Every structure is written in C-alpha cells, then in structure tokens.
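Step one of this worksheet: look at the structure below.
Quick note on labels: first sequence line is chain A, next is B, and so on, each numbered from 1. For clarity, every value in this text was computed on a predicted model and none was experimentally measured.
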Amino acid sequence: MDKPIALIDGNNFYVSCERVFQPHLLGKPVIILSNNDGCAVARSEEAKALGIKMGAPLFKIRDLVKEHGVKVLSSNYTLYGDMSRRVVDAVSQFSPHYEIYSIDENFVDLSGFGERYEAIAVEMRSTVRQLTGIPNCVGIGSTKTLAKLANFAAKKNPIFGGVCDFTKSAVLAWCLDRIPVGEVWGIGRQTQIKLASQGITTAAQLRDMPRTLARQLGTVVLERTVAELQGIRCLEIEDVAPQRKGMAVTRSAGQPMRNLEAVMQALTAHASRAAEKLRMHGLVAGQITAFFHTNAFSKTAPQHSVSRTIKLKPMTNNTFDLVQAVSRCAHAGWHPKAEAIGYAYTKAGVMLDDLLKEEDASKMLFDVEQPRDARLMKAMDAINDRYGKKKLVLASQGFKNTHEAKADMRSPRFTTRMSDLPVIY
DNA sequence: TCTGGGGTCCTAGGACCC
DNA sequence: TCTGGGGTCCTAGGACCC
C-alpha cells in the first residue's frame, strides 16, 4: 500500500474565522469581501445556497444581500493569518512532516502511522476544531492530487463525516466516476474545454486518458496530473518552503487617480510596503516593475496601461531606492496628455523579482557599504512596528491618500491587538 | 545562385492556484 | 457609481554564442 498523504482544509475559512469570534453569524448567510470591498471572496454555506458565486461583485448582488439579510464583512487578513498559524500549530502535533500549502490548507504525511492513519486523520480533524474553532475536512490519498480530490469529496458528501479516504479502492472508484473533471487540482477552464473536446468530463476519464495524449493536449503539467490520479506520485510534500522568486504589492485605488502626483502617492506607498516585506524576509531584489492602469471593466472610459521594469543595481531592500526606482518608472511611462485625455487610473502596483537572501546577494563591483541607510531602515521599521503601520512614511506618499482602499465593514483584530481583544462578562 | 548546426539565456504570455 | 491580491510553473520564440 502506498504511503498516505492527507490534506486538511478549513471549511469556508475566512467566514469560519469570523464566526469563532462572532458566534451570532453561525447559521446565517455570510460573505467576506475582497480588498476595497469589491467582490465576495469567501461565502458561508448559506450564502452559497443563495447562489452567490465566488468573486461576485458586491454591487451586482446587492438585491440578494438585502432580501436575505446576508451579513457582509470586509476582509481582515490579520485575523485570518493568525488563525491559520494556530491551525498549523495544531496540525504539527500530529506529524513533523507537513507542508503549509495555503492560508487554509495543509498537506500532512501520514506514513508514520502504519495502518492507523484514518483514525489519526479523524483525531486531527477534531483537534483542530477544538483548539482553533475552525471546522475542517480531511482528504486522504496516495498522491497530493488524490488527497485534494478526497478532500473535495469529504466536503461535498456528508456520508464521509468530514474524512474521506481514497486509499480505499472502492471509495476511490465510486467518487472518481462522479466528480467533474474541473474539480481536479490543476484543471482550469481552458483545460476543461480541451478535455471536453476529447469527451473527457469526469475525474475517472481523466485518470484513464493515455499519458502521451495528456502531454500533447496540455503540457507536462497535465501529464503529471493524470499520473497522480493513477496513484503515481509526482509531487512531494515540501516541508521546507522553497526560496520565493517574486513579490508584489498591488492595490485598486479608492478613488480614480488622474494625475502623476496621485499615481506617485500610490506607488510610493506600495514600494514602501514592498521594501518592508523584503526586509521582513531578509531579502533583496534585483528587479522592480511599476505599473498602473485604468479600469479595464469600463466600456466607455478611455483605456491606458503603463508598465516599466528596471534593474536594481546593487540589489536592495532600501525604501528610498525602491521609491526612487518606481518614480523613474512612473515618469518614464507617464502619458504627457493623460490629464487632458482624462485617463482615470484605478489600479497601481509594484512587483519585485530576482529575489535573493540578503547575505547571498553578491556585492557589486565598487559597491559602497551604506551602514547609515541600513540603520535608518531598521529605525523606520521599528517605529512603524511600535506605533502602527504607516505612522512614518515618505513625504511623496502624501496625506490625502486617494489610493487607499475601502474596508468599511472590517471586524476587529481579535487575536493580534490588545485593544481588540474580546471581552468576557 | 549557393548560406550549418548546435547550444544557452532571457522574456513575455498563458494557465492555474488560493 | 461600484469588479481582489499574491503567487507558481511552463512554453515558445528571439537574441546571442561558437
């Protein structure tokens, strides 16, 4: 028998985080909005039952929300991140060999438990629930792809009681015949269309597809997915997080930005935040891209999109360096007649690439050490850490902050702020 | 008129994920 | 009026090299 892998996944994770601290939300339709309160990115079961789709723009579901009294919340990533960490703590008690796959999913190697792994999975599920308050499901399979799919079955079909084991061949066969191919990890819309043209619509049919055909139709990725469905392990549990390759800070603006100054305020804020993230991870970047564009959804507004990339020499994580770089990008890309034409930029972002650990960054020839800069950045981070984000910013970020996003319905940071701790009477 | 045969590296763009 | 943000991997094709 193959070594089993489990995938444990929080149910409607963001909604569940909110419900832990606001039990009155239990049993009610709840949605969590994206940044800027734009669209629904998480939904309770009750909200899903009303037909609210993932990613639905709020303004398009306003009637539905009103009619059914759907509770609407801005996203509170500080809370979700902290709850996620608590879930990982609970999971890590069960196996030293696990991978944090996303904010609400963890792969766990169950091979150390002999034949008892299903009982362990059941225990893990209830322990996570007990220690964090987050309801969750567990899928077990001989590959990551099968574990993901088993998790889907555990969520969808109550007969499994929240734990579905695909290492049982009868369960596996029964489910694969019934699960639409689009639910398989790695099969998106485009691939689904291609597969449909071959008459492949279920997970079982995908499993039975010749691997050479899979390669022809897709890429090595699709071939790997077919192999994994057949129980051939192609993807290992990555318990050591690989070095990340890029990093981005992008935001929609609260108000349209119509002049260079407004765009520069946003880009300054994003570059500053990006520099903070670099320093937090002990990284430096070798390349930076600044972009901004108008609202692509608009059918009537004149469209314009700017993206400029420059090398950072030497590699850096210094706020002033990054802000200077995005300023060069913005000035180089700015349309001289933008204001006259009436371009309304609604989104801006900064992307960093060629990331390297600070200590690995090769010193450039003639590079001059700048200890004062490093000390300044340290002081800046310390001040913002102590007195709250964005207390100390560069002047070019401005005070008007037209780019700042809406978050009108955000819950308190229950677990990470002294002032927001829940009070018990 | 006839014009090789390999390599590598980089980038842009597509597809997918949560 | 109002449509998220942050990642990964793969491929094709161009530039360049000897």
Separation of [N] [atom2] from [X] [atom1] (nearest whole Å):
{"X": "Asn35(A)", "N": "dT3(C)", "atom1": "CG", "atom2": "P", "answer": "12 Å"}
{"X": "Glu223(A)", "N": "dT11(C)", "atom1": "CD", "atom2": "P", "answer": "10 Å"}
{"X": "Phe291(A)", "N": "dA12(B)", "atom1": "CZ", "atom2": "P", "answer": "15 Å"}
{"X": "Asn36(A)", "N": "dC2(C)", "atom1": "CG", "atom2": "C1'", "answer": "9 Å"}
{"X": "Lys60(A)", "N": "dG4(C)", "atom1": "NZ", "atom2": "P", "answer": "11 Å"}
{"X": "Asp408(A)", "N": "dC2(C)", "atom1": "CG", "atom2": "C1'", "answer": "12 Å"}
{"X": "Tyr80(A)", "N": "dG6(C)", "atom1": "OH", "atom2": "P", "answer": "16 Å"}
{"X": "Lys299(A)", "N": "dT1(C)", "atom1": "NZ", "atom2": "C1'", "answer": "15 Å"}

Watson-Crick or G-U stems of DNA chain B, 3 or more pairs, under 3.5 Å, by first number: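 In DNA chain B, stems of three or more pairs: B:5-18 with C:5-18.
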
Rounded C1' spacing from dG4(B) to dC16(C) in Å: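 Looking at atom C1' only, dG4(B) and dC16(C) are 16 Å apart.
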
Any ring-ring contact (aromatic ring centres under 6.0 Å, His included) involving residues 194-221 of chain A? Give me the pairs, sequence neighbours left out, ordered by first then second residue.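 Residue pairs passing ring-ring contact (aromatic ring centres under 6.0 Å, His included), neighbours aside: none found.
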
Going by ring-ring contact (aromatic ring centres under 6.0 Å, His included), name the pairs with one or both residues in residues 233-269 of chain A, residues two or more places apart or in two chains.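 Non-adjacent pairs meeting ring-ring contact (aromatic ring centres under 6.0 Å, His included): zero.
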
Check the pair Thr145(A) / Arg224(A) against side chain to side chain donor-acceptor pair (under 3.5 Å), numbers first and verdict last. CA-CA 10 Å; Thr145(A) 304; Arg224(A) 216 150 46 194; over 6 Å; no

So, using salt bridge (charged side-chain N to carboxylate O under 4.0 Å, His left out) as the criterion, who are the partners of Arg273(A) when residues are at least two apart?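 By the salt bridge (charged side-chain N to carboxylate O under 4.0 Å, His left out) rule, Arg273(A) matches Glu276(A).
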
The criterion is salt bridge (charged side-chain N to carboxylate O under 4.0 Å, His left out); which residues satisfy it with Glu238(A), sequence neighbours excluded?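 Expected list: none.
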
For Phe94(A), ring pair (Phe, Tyr, Trp, His ring centres under 6.0 Å) partners two or more places apart: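 By the ring pair (Phe, Tyr, Trp, His ring centres under 6.0 Å) rule, Phe94(A) matches no residue at all.
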
Residues which pass ring pair (Phe, Tyr, Trp, His ring centres under 6.0 Å) with Tyr77(A), listed by chain and number, not counting sequence neighbours: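 Ring pair (Phe, Tyr, Trp, His ring centres under 6.0 Å) list for Tyr77(A), sorted by chain: Tyr14(A), Tyr80(A).
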
For residues 144-165 of chain A, which residue pairs qualify under salt bridge (Lys or Arg N to Asp or Glu O under 4.0 Å), counting only residues two or more places apart or in two chains?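 Sorted pair list: Asp9(A)-Lys155(A), Glu99(A)-Lys144(A), Glu105(A)-Lys148(A).
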
Pairs involving residues 74-86 of chain A, ordered by first then second residue, that meet salt bridge (Lys or Arg N to Asp or Glu O under 4.0 Å) (sequence neighbours left out):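 Listed by first then second residue: Asp82(A)-Arg85(A), Asp82(A)-Arg86(A), Arg85(A)-Asp89(A).
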
Nearest heavy atom decides the nucleotide; on that basis, is Phe297(A) or Arg215(A) closer to the 5' end of DNA chain C?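 Its nearest nucleotide being more 5', the pick is Phe297(A).
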
Residue mapping more 5' on DNA chain C - nearest nucleotide basis, Val249(A) or Ser298(A):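 Nearer the 5' end of the strand: Ser298(A).
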
Between protein and nucleotides 13-18 of chain B, map the contacts as a letter string: B base, S sugar-phosphate only, - none, heavy atoms under 4.0 Å, written 5' to 3'. --SSSS

Which residue in the set Leu64(A), Ile61(A), Leu50(A), Val30(A) passes side-chain contact (heavy atoms from CB on, under 4.5 Å) when paired with Val70(A)?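 Option passing the side-chain contact (heavy atoms from CB on, under 4.5 Å) with Val70(A): Leu50(A).
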
Can you find a side chain N or O atom of Lys347(A) that sits less than 4.0 Å from OP1 or OP2 on dG5(C)?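 Yes, within the criterion.
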
Enumerate the protein-to-nucleotides 8-10 of chain C contacts in which both atoms are nitrogen or oxygen and the separation is below 3.5 Å.
residue, atom, partner, partner atom, Å
dT8(C), OP1, Lys245(A), N, 3.3
dC10(C), OP1, Arg224(A), NH1, 3.4
dC10(C), OP1, Arg224(A), NH2, 3.3

Can you run down the side chain to side chain donor-acceptor pair (under 3.5 Å) pairs that involve residues 48-70 of chain A, sequence neighbours left out, and say none if there aren't any?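 Listed once each, the pairs are Asn12(A)-Lys48(A).
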
is_close_aromatic(Tyr345(A), Trp334(A)), centroid dist under 6.0 Å: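 Here the rings of Trp334(A) and Tyr345(A) have centres that are less than 6.0 Å from each other.
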
